[in-house]
Amino acid sequence: MEFLSLLLKTIILRPYVFVFLAVFLFLASRLIGWRRTGCFMGITFVVAFLCEFSSTRTGIPFGWYHYTGSTVGQELYISNVPFMDSLSFPFLLYASYCMALAFLLPATSSSNAGSGINMIPMGFPLAARTGWPVVVLTMIFFTYLDIIIDPATLRGERWFLGQIYYYPDPGTHFGVPVANYIGWAVVAFLSLLAYLPLDRKLAQTSLSPAPLITRRILLGCGLYYGVLIFNLAITFWIGEYLLGMTGLFIYLPVTALLALRLLGRLPAQG
């Protein structure tokens with residue numbers, strides 16, 4: 001009963017996390033099916049929790065940081081790690097995975113005529129979606145997103161997150177150490193290293209129909225930009241204009257390249 005009570009309090013305290021999580025579960029299940037979605041979520045959550053548990057004790061892989069425990073009794077913790085923190089990694093990694101797929105999946109020869117969307121039709125071959133280029137690009141997009149997220153969350157006492165953690169030795173990037181970003185890349189790498197072999201072994205059923213691949217991957221990209229816009233909005237709201245403008249300029253070229261790719265203006269893969 002105490003667990004359920006704390007879980008309910010966590011949902012009430014962090015509704016935005018669970019909204020993003022629900023969107024992830026719906027979108028991922030439509031693209032890759034419920035079985036793969038469950039594997040993706042479970043693997044990423046466990047990897048993220050173990051890395052956070054380790055870093056708060058050894059400094060590996062995120063570098064040294066500590067949770068303040070200021071919300072103990074108000075939300076669910078697993079050991080010293082807030083449940084909602086590790087729970088955020090699956091939907092952030094899935095959104096980053098969709099961004100990588102949007103750039104790397106091969107274009108098919110079929111047409112989108114009549115769909116009302118003038119975008120390249122993408123295939124979803126196993127080799128392309130589980131290859132090393134997707135792993136590397138997903139790691140980049142995942143880490144790239146934290147460049148926006150972590151400086152905002154570090155200032156959580158100035159918005160509704162609260163001051164839930166701190167770095168004993170603040171870093172050069174708006175107080176965030178470079179080691180933290182390396183840790184995010186490690187989480188992405190280990191999670192995909194465990195998930196993608198499972199994807200190869202599972203039956204090639206329950207996957208999105210070919211005509212809907214592009215649209216459903218684009219919805220995953222929408223989740224990525226939803227998280228990005230949420231964090232940029234928080235950044236401007238608390239008056240961190242330099243940080244916010246830096247984030248906007250970081251993502252302008254990414255967004256332009258994504259638009260060019262989806263409109264078929266970049267060389268197609270495959």
Does the side chain of Pro170 reach to within under 4.5 Å of the side chain of Pro177, using non-hydrogen atoms? no
Say you draw a straight line from CD1 of Ile217 to CG of Leu105; how long is it, rounded to the nearest 0.5 Å? 4.5 Å
Quick one, Leu31 and Leu207 - any side-chain contact, counting heavy atoms below 4.5 Å? no
Between Arg155 and Gln163, is the side chain to side chain contact (heavy atoms under 4.5 Å, CB included) condition met? List the steps. CA-CA 7 Å; Arg155 292 156 174 78; Gln163 186 177 5; over 6 Å; no
Would you say the side chain of Tyr94 lies within less than 4.5 Å of the side chain of Cys98, judging by non-hydrogen atoms? yes
Check the angle between the aromatic planes of Trp132 and Phe189 and answer parallel, tilted or perpendicular using the 30° and 60° thresholds. parallel
Using modelled atom types and a 3.5 Å cut-off, is there a donor and acceptor pairing between side-chain atoms of Thr153 and backbone atoms of Asp150? yes
Please confirm whether the backbone N or O of Val81 pairs with a side-chain atom of Ser79, one donor and one acceptor, at under 3.5 Å? no
Are Ser86 and Glu52 linked by a side-chain donor-acceptor pair shorter than 3.5 Å? yes
Answer with yes or no whether the hydrophobic clustering places Ile229 together with Trp159; edges join I, L, V, M, F, W, Y residues whose side-chain heavy atoms lie under 4.5 Å apart. no
Do Tyr166 and Phe62 belong together in a cluster built from hydrophobic side chains that touch within less than 4.5 Å? no
Checking side-chain polar atoms at under 3.5 Å, does Asp85 have a donor or acceptor matched by the opposite partner on Tyr165? no
Run the side chain to side chain contact (heavy atoms under 4.5 Å, CB included) check on Met41 and Phe24 step by step: do they pass? CA-CA 9 Å; Met41 179 175 173; Phe24 150 66; 4.0 Å; yes
Hey, does the side chain of Thr44 reach the backbone of Phe89 with a donor-acceptor pair shorter than 3.5 angstrom? no
Do Trp34 and Tyr195 belong together in a cluster built from hydrophobic side chains that touch within less than 4.5 Å? yes
Is there a side-chain contact between Ile182 and Thr143, using heavy atoms and a 4.5 Å cut-off? no
Give, for atom CZ of Phe20 and atom CG of Leu25, the distance between the pair rounded to the nearest 0.5 Å. 13.5 Å
Would Glu75 and Ile12 satisfy side chain to side chain contact (heavy atoms under 4.5 Å, CB included), going step by step from the backbone distance to the final call? CA-CA 9 Å; Glu75 62 179 315; Ile12 294 172; over 6 Å; no
Tell me if the aromatic rings of Phe103 and Phe141 count as close, with their centers under 6.0 Å from one another. yes
Between the main-chain N or O of Thr130 and the side-chain N or O of Arg200, is there a donor-acceptor pair closer than 3.5 Å? yes
Please confirm whether the backbone N or O of Ile60 pairs with a side-chain atom of Ser54, one donor and one acceptor, at under 3.5 Å? yes
Short side-chain donor-acceptor distance under 3.5 Å, Thr71 and Tyr77: yes
Shared hydrophobic cluster, Phe26 / Phe230 (ILVMFWY, side-chain heavy atoms < 4.5 Å): yes
Going from CG on Leu21 to CG on Leu87, what distance comes out if it is rounded to the nearest 0.5 angstrom? 5.0 Å
Distance-only, no hydrogens or angles: does the Arg261 side chain make a donor-acceptor pair with backbone N or O of Ile120 under 3.5 Å? no
Does Arg129 use its side chain to pair, donor to acceptor, with the backbone of Val134 at less than 3.5 Å? no
Give a yes or no on whether Phe249 atom CZ has more than 12 heavy-atom contacts from other residues, nucleotides or ligands under 6.0 Å away. no
Taking every non-hydrogen atom, the tightest pair across Gly244 and Phe236: C-CZ, 3.4 Å
Looking at Leu192 and Pro197, what are the two nearest heavy atoms and their distance? O-CD, 3.9 Å
Within this structure, what is the CE-CG distance for the pair Met245 and Leu232, rounded to the nearest 0.5 Å? 10.5 Å
Do Met84 and Arg14 touch side chain to side chain, with heavy atoms closer than 4.5 Å? yes
Around atom CZ of Arg30, are there more than 12 heavy atoms of other residues, nucleotides or ligands at under 6.0 Å? no
Given 3.5 Å as the limit, does a donor-acceptor pair link the side chain of Thr235 with the main chain of Ala152, or not? no
With heavy-atom distances below 4.5 Å as the criterion, would you say the side chains of Ser55 and His66 are in contact? no
Heavy-atom closest pair, residues Tyr224 and Ser96: CE1-OG, 3.5 Å
Least distance between heavy atoms, Leu190 atom then Cys51 atom: CD1-SG, 4.5 Å
Among Asp199, Ile32, Leu198, which residue satisfies the side chain to side chain contact (heavy atoms under 4.5 Å, CB included) criterion with Cys39? Leu198
Using side-chain heavy atoms (C-beta onward) and a distance below 4.5 Å, is Asn180 in contact with Tyr167? yes
Phe91/Phe40 aromatic ring centres below 6.0 Å: no
Nearest non-hydrogen partners of Tyr225 and Val254, listed with the distance: OH-CG1, 4.0 Å
Assigning hydrophobic clusters by single linkage (Ile, Leu, Val, Met, Phe, Trp, Tyr; side-chain heavy-atom cutoff under 4.5 Å), is Val178 placed with Trp64? no
So, does Arg57 use its side chain to make a donor-acceptor pair with the main chain of Phe53 at under 3.5 Å? yes
Which distance, rounded to the nearest 0.5 Å, do you find between the CZ of Phe45 and the CG of Leu93? 14.5 Å
Run the ring-centre check on Tyr144 versus Tyr181 and record whether the distance is less than 6.0 Å. no
Nearest non-hydrogen partners of Pro82 and Asn80, listed with the distance: CD-O, 3.8 Å
Determine whether the aromatic ring centres of residues Tyr67 and Tyr65 are separated by less than 6.0 angstrom. yes
When you measure from the side chain of Asn231 to the backbone N and O of Val227, does any donor-acceptor pair fall under 3.5 Å? yes
Could you go through the side chain to side chain contact (heavy atoms under 4.5 Å, CB included) check for Phe83 and Leu7 one step at a time? CA-CA 9 Å; Phe83 174 68; Leu7 179 60; 4.0 Å; yes
Within this structure, what is the CZ-CD1 distance for the pair Phe124 and Ile213, rounded to the nearest 0.5 Å? 5.5 Å
